[in-house]
Amino acid sequence: MEHNRDFKYDLQLGLKGEGLVANMLSNKKIEIKTDFQAKDTGNVFIEYKSRGKLSGISTTHAEWFCFVLSNENIIFVDTIKLRNICRVYLKTNRDVKGGDENTSNGILLPIKQLIKL
């Protein structure tokens with residue numbers, strides 16, 4: 001985005017962003033994942049199967065995923081975009097076991113991938 005010193009332009013852009021967030025929070029289904037370890041590991045675990053059945057991102061009805069990485073860092077990602085990026089990692093070294101007693105399958109997704117979306 002080009003730098004602009006015009007307050008009216010900045011105000012319009014700010015209002016657009018506020019409207020987007022307000023619409024998201026009041027009209028959309030959001031799945032919230034809290035992972036305070038992610039800031040240390042650089043990854044989040046995106047579950048897609050548990051105990052042999054599809055689960056997590058495979059079955060969610062959420063339109064957005066929200067990753068709470070700390071009290072100061074929260075990332076919202078459109079679920080369709082998140083599914084698409086996770087598919088790239090299927091059957092790679094990032095397709096791992098995890099969850100309770102390692103009964104889930106998921107993608108160990110670099111946080112950097114969330115920010116690029």
Side-chain angles (χ1 to χ4, degrees):
M1 178 188 314
E2 242 179 84
H3 179 69
N4 191 317
R5 292 179 185 234
D6 182 355
F7 175 75
K8 290 180 184 177
Y9 172 82
D10 289 343
L11 179 61
Q12 285 181 336
L13 186 62
L15 291 173
K16 184 176 181 180
E18 288 174 13
L20 175 69
V21 172
N23 182 51
M24 181 191 314
L25 294 177
S26 60
N27 298 319
K28 307 288 186 210
K29 292 180 183 175
I30 302 171
E31 185 151 339
I32 299 172
K33 301 293 182 187
T34 302
D35 185 350
F36 286 169
Q37 289 183 339
K39 65 181 169 55
D40 297 324
T41 66
N43 301 296
V44 292
F45 182 76
I46 313 292
E47 179 182 301
Y48 65 86
K49 189 188 287 186
S50 183
R51 293 176 168 77
K53 295 181 183 177
L54 293 179
S55 63
I57 197 163
S58 299
T59 60
T60 188
H61 294 281
E63 297 165 77
W64 291 88
F65 267 67
C66 171
F67 296 93
V68 180
L69 306 180
S70 72
N71 291 336
E72 298 84 24
N73 294 296
I74 300 172
I75 301 171
F76 286 89
V77 180
D78 178 272
T79 300
I80 293 170
K81 289 181 181 179
L82 185 60
R83 282 180 178 142
N84 288 336
I85 196 66
C86 285
R87 281 187 185 107
V88 172
Y89 292 107
L90 286 171
K91 297 186 173 124
T92 71
N93 63 339
R94 291 200 164 269
D95 189 348
V96 298
K97 293 274 189 187
D100 296 333
E101 299 177 18
N102 284 331
T103 57
S104 297
N105 295 78
I107 301 301
L108 204 53
L109 187 66
I111 295 170
K112 291 177 184 177
Q113 291 291 317
L114 295 175
I115 297 167
K116 287 183 183 180
L117 299 174

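Along the sequence shown, residues are numbered consecutively beginning with 1.
At a threshold of 4.5 Å between non-hydrogen side-chain atoms, the residues Phe67 and Ile111 do not count as touching. Residues Asp95 and Tyr89 form no side-chain contact, since every pair of their non-hydrogen atoms from C-beta on lies 4.5 Å or further apart. Side-chain contact check for Leu82 versus Leu109: some heavy-atom pair is nearer than 4.5 Å. For the pair Asn105/Lys97, a side-chain contact is recorded, criterion being any heavy-atom separation below 4.5 Å from C-beta on. Residues Leu114 and Phe65 are not in side-chain contact: their nearest non-hydrogen atoms beyond the backbone lie 4.5 Å or more apart.
When all heavy atoms of Ser55 and Ser50 are compared, the pair lying nearest together is OG-N, 3.2 Å. Pairing each heavy atom of Gln113 with each of Ile85, the nearest pair is OE1-CD1, 3.1 Å. Contact between Ala38 and Leu69 at its shortest, heavy atoms only, is CB-CD2, 3.8 Å.
Looking at residues two or more places apart in sequence or on another chain, you find a side chain to side chain donor-acceptor pair (under 3.5 Å) between Asn27 and Asn23.
For the atom pair Phe45 CZ and Ile107 CD1, the distance stands at 8.5 Å (nearest 0.5 Å). To the nearest 0.5 Å, the span separating SG on Cys66 from CD1 on Ile30 amounts to 6.5 Å. Rounded to the nearest 0.5 Å, atoms CG (Asn73) and CZ (Phe36) are 10.0 Å apart. Between atom CZ of residue Arg51 and atom CD of residue Glu101 there is a gap of 6.5 Å, rounded to the nearest 0.5 Å. To the nearest 0.5 Å, the span separating OG on Ser70 from NZ on Lys39 amounts to 7.0 Å.
In the displayed structure, Asp100 atom CG is contacted under 6.0 Å by at most 12 heavy atoms of other residues, nucleotides or ligands. The number of heavy-atom neighbours closer than 6.0 Å to CD1 of Ile80, taken from other residues, nucleotides and ligands shown, is 12 or below.
When atom types are taken as modelled, the side chain of Arg94 and the backbone of Leu108 share a donor-acceptor pair closer than 3.5 angstrom.
The list of side-chain hydrogen bond (donor to acceptor under 3.5 Å, both in side chains) pairs with a residue in residues 28-37, not counting sequence neighbours, reads Glu31-Lys33, Glu31-Thr60.
Val96 and Tyr48 fall into different hydrophobic clusters, where Ile, Leu, Val, Met, Phe, Trp and Tyr are joined by side-chain heavy atoms under 4.5 Å apart, directly or via other members. Tracing side-chain contacts under 4.5 Å through hydrophobic residues (I, L, V, M, F, W, Y), one never reaches Leu54 starting from Ile57; they form parts of separate clusters. Note on Trp64 and Val68: same hydrophobic cluster, where clusters join Ile, Leu, Val, Met, Phe, Trp and Tyr whose side-chain heavy atoms are under 4.5 Å apart, directly or indirectly.
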